[in-house]
Number of protein chains: 2
Amino acid sequence: MYSACMSTPERLIEATRELLWERGYVGTSPKAVQQAAGVGQGSMYHHFAGKPDLALAAIRRTAEELGAAAEAALGGEGTAYARIEAYLLRERDVLRGCPVGRLTMDPEVIADPALRAPVDEVLGRLRARLAEVVQEGLDSGELSGPLDAAEVAATILATVQGGYVLARATGTRDPFDHAVRGLLTLLAPAAATA
Amino acid sequence: MYSACMSTPERLIEATRELLWERGYVGTSPKAVQQAAGVGQGSMYHHFAGKPDLALAAIRRTAEELGAAAEAALGGEGTAYARIEAYLLRERDVLRGCPVGRLTMDPEVIADPALRAPVDEVLGRLRARLAEVVQEGLDSGELSGPLDAAEVAATILATVQGGYVLARATGTRDPFDHAVRGLLTLLAPAAATA
């Protein structure tokens with residue numbers, strides 16, 4: 001499944017990321033990881049102490065990529081509204097859902113402080129970053145109204161995470177796109193009064 | 001775990017609902033259902049053909065309850081905004097997440113048209129009901145602005161579903177409450193101009 005140029009730990013991490021995204025932590029067995037990575041059991045335990053250790057490496061990398069993808073939109077050029085719009089409309093594999101958000105439905109991830117930490121950290125950082133952009137828009141007068149930046153940031157991130165849930169229920173991306181467009185029109189009137 | 005007054009099928013359905021909510025479909029074994037319900041294997045297979053059959057009965061009942069709880073808020077007295085507010089602020093066990101929404105992260109539920117149907121149906125019905133209330137608000141002039149009722153309905157439902165994701169990541173209900181308050185302030189300016 002993975003290129004021969006990748007090292008064994010790399011192949012294990014990439015296979016784990018795919019399986020966690022598709023099946024979650026509870027649904028991912030060490031055996032399935034070994035098969036997907038084309039790595040034997042002995043070799044896997046040589047590089048990683050066990051499933052939690054391997055999952056932690058995989059979750060950390062996925063969280064890092066999510067943070068970088070969000071920052072590419074939020075740290076770009078343009079007004080606060082334009083950057084929030086770029087974040088909301090960025091290319092996504094909507095029907096696969098969020099590889100980080102889906103882990104919050106995994107009881108074993110949520111119950112393990114080490115596994116939950118990178119999930120909590122990246123979603124918290126994303127909310128803080130969105131709040132900064134909303135606050136910039138409020139300070140410059142581009143966004144108006146009695147908005148609390150931290151609250152609106154949570155609404156933006158929740159709309160994305162919940163949009164995945166609604167899309168997966170229908171089997172089409174339409175509800176995700178509807179939710180995002182609805183949020184943009186709710187944010188727009190404030191922008192238009194500036 | 002369940003009252004002796006409940007029939008065997010009832011105990012099996014209730015145990016399955018709890019396990020699906022906590023651990024999802026992939027993480028719920030027939031054995032765990034039997035243990036939680038205090039029912040033997042033979043008895044379980046006497047009443048239900050297997051895990052999918054039992055899960056379908058459990059999911060249908062959970063979906064029915066979710067629909068009824070939403071309707072209690074949305075079909076109540078008051079303005080469109082007040083009913084949307086009542087829906088958003090209704091009592092929820094936020095850290096447990098949504099028993100229906102969480103199933104969308106289950107690859108085996110999404111891949112099985114029979115299991116996905118009640119999930120899709122209740123979330124679709126909820127979006128349609130929210131769109132009706134938003135449209136009432138637009139028609140009466142209570143809500144204003146260039147809002148698309150179906151889009152705003154998707155935003156409302158996505159905020160709730162995503163709010164659960166954010167809350168579970170942090171281990172506190174705060175991000176859910178933030179997301180909901182943020183959405184209410186975004187909806188309010190339109191209401192205030194009426």
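Order of the sequence lines sets the chain letters (A, B, ...), proteins ahead of strands, with each chain counted from 1. The structure displayed is predicted, hence computed values, not measured ones.
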Under a 4.5 Å heavy-atom cutoff, which of [options] has the most pairs with chain B?
{"options": "A:Val100, A:Asp106, A:Leu157, A:Val122", "value": "A:Leu157"}
{"options": "A:Gly124, A:Ala158, A:Ala154", "value": "A:Ala158"}
{"options": "A:Gly27, A:Pro175, A:Ala153, A:Gly163", "value": "A:Pro175"}
{"options": "A:Arg127, A:Gln161, A:Met105, A:Glu121", "value": "A:Met105"}

Salt-bridge contact [X]-[Y] (side-chain N to carboxylate O under 4.0 Å):
{"X": "A:Glu18", "Y": "A:Arg96", "result": "yes"}
{"X": "A:Arg125", "Y": "A:Glu71", "result": "no"}
{"X": "B:Glu14", "Y": "B:Arg17", "result": "yes"}
{"X": "A:Glu132", "Y": "A:Arg129", "result": "yes"}

Give the member of B:Pro107, B:Gly171, B:Gly101 that has the highest number of heavy-atom pairs under 4.5 Å with chain A.
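The candidate making the most pairs under 4.5 Å is B:Pro107.
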Can you tell me which portion of B:Glu108 sits under 4.5 Å from chain A's heavy atoms? Options are side chain, backbone, both or neither.
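It is the side chain, since no backbone atom gets that close.
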So which part of B:Leu183 gets closer than 4.5 Å to some heavy atom of chain A, the side chain, the backbone, both or neither?
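Both backbone and side chain of B:Leu183 come within 4.5 Å of chain A.
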Cation-pi check, A:Arg23 to B:Tyr25: give yes when NZ or CZ is under 6.0 Å from the six-membered ring centre and within 45° of the ring axis, no otherwise.
no
